[in-house]
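First the structure, in the form of structure tokens, and then the observations on it.
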Amino acid sequence: MILLRQLLGDVLRRLRVRQGRTLREVSTLARVSLGYLSEVERGQKEASSELLASICGALGVPLSQVLREVSDQFALAELQATPVLSDVPEHERLPLAETVPGSAIPDFPEVKAMVAA
């Protein structure tokens, strides 16, 4: 099962590494312990919205950009038929859009293009 905290950690790590910054530098700027930031990046800890905002501020990226990247990764997993809800019993799942009268599944051509690449 894909966990949101793992995708979020992957995106944060990728941004930090792309900027050539160390965990220590970002943790100091974000005012969070180095160990905790490491756990967030490895998907072992759930970060609060305040902590995420602080980390994003230290990285100089808007929180909305990080959440958008996480959302895109999650959408990719869904399109690749990864069992995102594999641990959720069938009777607890919400109905899919095609089973709800009058609803439609939105088309995400940019995500489909990423899957096709």
Side-chain angles (χ1 to χ4, degrees):
M1 180 166 111
I2 295 175
L3 298 176
L4 186 59
R5 70 174 185 256
Q6 291 173 331
L7 292 175
L8 184 58
D10 289 344
V11 168
L12 291 172
R13 178 183 295 123
R14 233 184 344 265
L15 286 168
R16 179 181 58 76
V17 170
R18 194 179 309 146
Q19 293 177 6
R21 301 175 71 189
T22 64
L23 269 172
R24 183 172 308 283
E25 178 184 359
V26 174
S27 70
T28 300
L29 289 171
R31 296 182 183 188
V32 61
S33 76
L34 184 129
Y36 196 81
L37 179 58
S38 176
E39 289 178 312
V40 168
E41 283 192 0
R42 288 181 281 136
Q44 295 178 337
K45 292 285 184 186
E46 296 275 357
S48 69
S49 57
E50 292 87 357
L51 180 63
L52 287 175
S54 184
I55 294 168
C56 289
L59 291 170
V61 297
L63 178 56
S64 61
Q65 177 185 336
V66 170
L67 295 176
R68 191 171 22 260
E69 289 187 36
V70 170
S71 177
D72 289 346
Q73 292 295 319
F74 210 89
L76 276 173
E78 290 176 325
L79 285 174
Q80 292 173 342
T82 302
V84 175
L85 298 174
S86 62
D87 292 342
V88 178
E90 188 70 36
H91 70 278
E92 291 181 14
R93 297 181 190 180
L94 294 174
L96 294 176
E98 69 256 10
T99 64
V100 178
S103 63
I105 296 176
D107 188 24
F108 297 105
E110 65 280 357
V111 175
K112 290 180 181 176
M114 290 169 41
V115 171

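It should be emphasised that the depicted structure is a prediction, and the values quoted were computed from it without experimental measurement.
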Applying side chain to side chain contact (heavy atoms under 4.5 Å, CB included), run through Val26 and Gln19 and close with a yes or a no. CA-CA 11 Å; Val26 174; Gln19 293 177 6; 5.8 Å; no
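Around atom CZ of Arg31, no more than 12 heavy atoms belonging to other residues, nucleotides or ligands sit under 6.0 Å away.
The two residues Arg16 and Glu41 make their nearest non-hydrogen contact at NE-OE2, 2.7 Å.
Formation of a donor-acceptor pair under 3.5 Å by the Arg5 side chain with backbone atoms of Lys45 is not found in this model.
Note: Gln6 CD to Leu8 CG = 11.0 Å, rounded to the nearest 0.5 Å.
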Distance-only criterion, 3.5 Å: show the donor-acceptor pairs between side-chain atoms of residues 33-40 and protein atoms not counting sequence neighbours.
residue: Ser33; atom: OG; partner: Tyr36; partner atom: N; Å: 3.1
residue: Tyr36; atom: OH; partner: Glu46; partner atom: O; Å: 3.4
residue: Ser38; atom: OG; partner: Arg42; partner atom: NE; Å: 3.1
residue: Ser38; atom: OG; partner: Arg42; partner atom: NH2; Å: 3.2

For residues 50-68, which side-chain donor-acceptor pairs fall under 3.5 Å, sequence neighbours excluded?
residue: Glu50; atom: OE1; partner: Ser48; partner atom: OG; Å: 3.4
residue: Ser54; atom: OG; partner: Ala30; partner atom: O; Å: 2.5
residue: Gln65; atom: NE2; partner: Glu69; partner atom: OE2; Å: 3.3

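Note on Val17 and Val32: separate hydrophobic clusters, where clusters join Ile, Leu, Val, Met, Phe, Trp and Tyr whose side-chain heavy atoms are under 4.5 Å apart, directly or indirectly.
Contacts of Thr22 classified as side-chain contact (heavy atoms from CB on, under 4.5 Å), with partners at least two apart in sequence or in another chain: Arg24, Glu25.
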